**Student:** 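Below you'll find the structure I mean.
Quick note on labels: first sequence line is chain A, next is B, and so on, each numbered from 1. Small disclaimer: the values here were computed from a predicted structure and weren't measured.
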2 protein chains.
Amino acid sequence: MARQREFNVDKALDAAMQIFWEKGFEATSLSDLTSRMGIQRPSMYSAFGDKKELFEAALRKYTTSHSSNIRAKLQNRLSVKEGFRTFFEGIVADGYSDINNRGCFCINTMVELAPHDEKFEILTREHQMYLSAIFHEAIERGLQAGELKTDINAKALAQTLVVSLIGLTVMMKSRPERTFVDHSVEVILSLIK
Amino acid sequence: MARQREFNVDKALDAAMQIFWEKGFEATSLSDLTSRMGIQRPSMYSAFGDKKELFEAALRKYTTSHSSNIRAKLQNRLSVKEGFRTFFEGIVADGYSDINNRGCFCINTMVELAPHDEKFEILTREHQMYLSAIFHEAIERGLQAGELKTDINAKALAQTLVVSLIGLTVMMKSRPERTFVDHSVEVILSLIK
DNA sequence: GTTATAACATACCGATCGGTACAGTATTAT
DNA sequence: ATAATACTGTACCGATCGGTATGTTATAAC
């Protein structure tokens, strides 16, 4: 009954996600957004609401995709241990290769917005809980297959791995020497036995 | 030969540190700063330079104080293990009690500025290296006193504890359930044996 | 007391911020 | 064809941004 949208909403949201991920909420301006999304302001406002709503939509898109990526990475391995090793070593490799050093969008948001906005406190917490559940699941799989025989409670181990993942991801932002993070990864992985 | 300063530079810097710590670099305005520092803009500019130089001075003040606090906390204990336990449990307790949830100023800066400003990449990295050295020192003390007999390389263990500390501090920003972090702390501390 | 100097307070700068009013245009139901 | 509707582009809004010019005031050297 009216004119149809000329841009692809999902592609525009993806572009917004990229720039918010790279620069954070405050440092990203509406001009940054509209130029990268390839649309005008009124289009952005009508499709997504204000800047914060757009940010939230971008973060939700990120966490959804991030979760399923991690689940896939841990499931595609025959060995659970090997899955975790490849995953953690990938975090380090990505940290050195990404010029923009974006890290994890959710972790960035946890630091920038969670303390000042309850919505993002909840959203980021729930994502970490979800990652913990994915890790827990992988560990249980290893236990039932007889690959793992840890004396540590599986759930506690999963939670510790989430904490370690956060620490490693944030540490990469300062581009530490390789040995530092390589050693850390080895010690963290040694928990999984 | 000229008029003397009416404000205390160190107190003003401390006030700047508090607000940068709480709100970050971008979200803190010059009006926020001058009102909290109790001085006018030209005084701020003449004493500290521009906003970023003030931020850097505030961060340096923080890291210096932070390092010596941590060293003191780890040294004031008879047992090295107990020192680490008290320290990590304190991080959790502080995370729940601090209404503003400021976390660690250096970690916040690592996330917000290190990827876009080499000066802060270096500054934050060096602080983490320094913390690692403090941890390493404590571990060596435990080893030489016969309290610790870890099979893990002492330096690697220290580095892992820094990564864990970062992860825990950031995790607290999302105010997770107590069991989550309590379990994590237990597993982390179990590395120190 | 005079003069040089630097900190003080006010008031302002251009630029940019997030957000929107409005006019023009394309699409669909009638 | 016409009317209703919703998207597009331009141009603008007041507010605030980081930063500074300027005139006044206090101090120290002489």
**Student:** For residues 43-55 of chain A, which residues have at least one heavy atom under 4.0 Å from DNA chain C?
**Tutor:** A/Tyr45, A/Asp50, A/Lys51
**Student:** Find the distance B/Phe7:CZ to C/dA6:C1' and express it as a whole number of Å.
**Tutor:** 12 Å
**Student:** How long is the line joining CG of A/Asp32 and P of C/dA15, in whole Å?
**Tutor:** 18 Å
**Student:** Classify the nucleic acid contact of A/Gln4 as base, sugar-phosphate or nothing, counting any heavy atom under 4.0 Å across all strands shown.
**Tutor:** sugar-phosphate
**Student:** Which listed nucleotide (D/dT20, D/dG9, D/dA6) is nearest to the side chain of B/Arg41?
**Tutor:** D/dT20
**Student:** Rounded to the nearest 0.5 Å, what's the gap from NZ on A/Lys23 to CG on A/Leu33? Could you check?
**Tutor:** 9.0 Å
**Student:** Considering residues, nucleotides and ligands other than B/Glu177, do more than 12 of their heavy atoms fall under 6.0 Å from its CD?
**Tutor:** no
**Student:** For B/Leu30 and C/dC12, what is the distance between atoms CG and C1' respectively, to the nearest whole Å?
**Tutor:** 15 Å
**Student:** Under the side-chain hydrogen bond (donor to acceptor under 3.5 Å, both in side chains) test against A/Arg125, which residue among A/Gln128, A/His127, A/Glu121 passes?
**Tutor:** A/Glu121
**Student:** Going by ring-ring contact (aromatic ring centres under 6.0 Å, His included), A/Phe105 matches just one of A/Phe120, A/Phe25, A/Phe55, A/Phe20. Which one?
**Tutor:** A/Phe55
**Student:** Could you give the CD-to-C1' distance, from A/Gln40 to C/dG19, as a whole number of Å?
**Tutor:** 14 Å
**Student:** Can you confirm whether the side chains of B/Ser29 and B/Asp32 place a donor and an acceptor under 3.5 Å from each other?
**Tutor:** yes
**Student:** When you measure from the side-chain N and O atoms of A/Ser31 to the phosphate of C/dT16, is any distance below 4.0 Å, counting only OP1 and OP2?
**Tutor:** no
**Student:** Report the nucleotide, chosen from C/dA9, C/dC8, D/dT8, that has the shortest atom-to-atom distance to any side-chain atom of A/Arg3.
**Tutor:** D/dT8
**Student:** Nearest whole angstrom, please: distance from the P of C/dC8 to the CG of B/Asn8.
**Tutor:** 12 Å
**Student:** Once you round it to whole Å, what is the distance between P of D/dT16 and CD of B/Glu26?
**Tutor:** 18 Å
**Student:** Taking the six-membered ring for Trp, are A/Tyr62 and A/His66 parallel (under 30°), tilted (30 to 60°) or perpendicular (over 60°)?
**Tutor:** parallel
**Student:** Quick one: label A/Thr28 by what it contacts on the DNA or RNA (base, sugar-phosphate, nothing), any heavy atom closer than 4.0 Å.
**Tutor:** sugar-phosphate
**Student:** With sequence neighbours left out, write down each residue that passes salt bridge (Lys or Arg N to Asp or Glu O under 4.0 Å) with B/Arg36, or none if nothing qualifies.
**Tutor:** B/Glu22
**Student:** Please compare B/Glu6 and B/Pro42 by the position of their nearest nucleotide in DNA chain D and report the one closer to 5'.
**Tutor:** B/Pro42
**Student:** Would you indicate which nucleotide in D/dG18, C/dG18, D/dC7 comes nearest to any side-chain atom of A/Arg5?
**Tutor:** D/dC7
